[in-house]
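To start, the structure itself, in structure tokens.
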Amino acid sequence: MLRRKNQRAAEEEKKEEGGAPVTNAQKKSPAELRLKKEYAELDLPPHATVSFPKEGDLMKINVQIDLTKETDSRWKGGKYLFTITFSNSYPYEAPKCHCETPIYHPNIDTDGNVCLNILRADWKPVLGVNPVILGLIFLFIEPNPNDPLNHEAARVLRDNPHMFTQNVNRSLQGGTVDGISYPRMK
């Protein structure tokens, strides 16, 4: 009898906000708890939207950056989809970002890998989802040719910014740049 009371008391202590007892399947990792809080506090510009590719999975999000409206970006006219994946070690380990939309960009290679300083050496656990998404947006405002993944695009941006802009426009119109064909965005 005492054993059942202790068991019942333990179940009561483990109740979630909704009142249901927590089962092993419902327990959230510290990373998921942190992400849930961060998602609730997101403060993004209107041209950035977040969605969840798999319902109930907080560890992977899609971020769409819509540059079809007025913008000062060279990439104006396109919509760019990024996948951000978080490990169970988050926030102590930076998330992984991948650009799903083919793009001619010095900081995004032709495989969609993203070079953003806060995702590597400058990552700190105090950073979170919002700064990562804002960092992705900043890549469209101020690409960094001095820390590239696409070395050829970076070289063109450094040596001939006008030609770089022409290459971006060609890629947005569905053309080929450096032997890579891009989907039409404009």
Keeping Asn130 on the side-chain end and Asp43 on the backbone end, is there a donor-acceptor pair under 3.5 Å? yes

With distance as the sole test, does Tyr80 use its side chain to make a donor-acceptor pair with the main-chain N or O of Ile103 at under 3.5 Å? no

Between Arg34 and Phe86, does a side chain to side chain contact (heavy atoms under 4.5 Å, CB included) hold up when you go through it step by step? CA-CA 11 Å; Arg34 162 98 180 238; Phe86 302 88; over 6 Å; no

Classify the ring geometry of Tyr104 against Tyr182: parallel below 30°, tilted from 30° to 60°, perpendicular beyond 60°. perpendicular

Could you list the donor-acceptor pairs under 3.5 angstrom formed by side chains in residues 133-148, with sequence neighbours left out?
unit_1 : atom_1 : unit_2 : atom_2 : d
Asn144 : OD1    : Asn146 : N      : 2.9
Asp147 : OD1    : Arg120 : NH2    : 3.2
Asp147 : OD2    : Arg120 : NH2    : 2.5

For [X], what residues pass the side-chain contact (heavy atoms from CB on, under 4.5 Å) criterion, not counting sequence neighbours?
X	value
Pro53	Lys60, Asn62
Glu93	Ser87, Ser89, Lys96
Asn169	Thr165, Leu172, Lys186
Leu33	Lys28

Pairs meeting criterion salt bridge (Lys or Arg N to Asp or Glu O under 4.0 Å) with involvement of residues 107-118, two or more places apart: none

Asp57 CG: over 12 foreign heavy atoms closer than 6.0 Å: yes

Residue pair [X] / [Y]: nearest heavy atoms and the distance that separates them:
X	Y	result
Thr101	Met185	CG2-CE, 3.0 Å
Gly128	Trp123	N-CH2, 4.1 Å
Glu32	Leu58	O-CD1, 3.6 Å

Would Glu152 and Asn167 count as a side chain to side chain contact (heavy atoms under 4.5 Å, CB included) here? Give the steps. CA-CA 11 Å; Glu152 181 58 23; Asn167 287 347; over 6 Å; no

Apply the side chain to side chain contact (heavy atoms under 4.5 Å, CB included) test between Ile108 and each candidate in Cys99, Pro102, Cys97; give the one that qualifies. Cys99

Run the side chain to side chain contact (heavy atoms under 4.5 Å, CB included) test on Thr176 and Arg170 for me, step by step, so that the C-alpha distance in whole Å, both residues' side-chain angles and the decisive distance to 0.1 Å come before the verdict. CA-CA 7 Å; Thr176 300; Arg170 187 177 315 119; 5.8 Å; no

Please determine whether residues [X] and [Y] belong to a single hydrophobic cluster, defined as Ile, Leu, Val, Met, Phe, Trp and Tyr linked transitively by side-chain heavy-atom distances below 4.5 Å.
X	Y	result
Val129	Tyr92	no
Leu149	Val168	no
Met59	Leu81	no

Do Ile118 and Val132 touch side chain to side chain, with heavy atoms closer than 4.5 Å? yes

For the residue pair Asn113 and His98, establish whether any side-chain heavy-atom pair is separated by less than 4.5 Å. yes

Nearest-0.5 Å distance, CG of residue Leu67 to NZ of residue Lys76: 10.0 Å

Audit row: Asn150, His105, side chain to side chain contact (heavy atoms under 4.5 Å, CB included) steps and yes/no: CA-CA 7 Å; Asn150 183 333; His105 195 291; over 6 Å; no

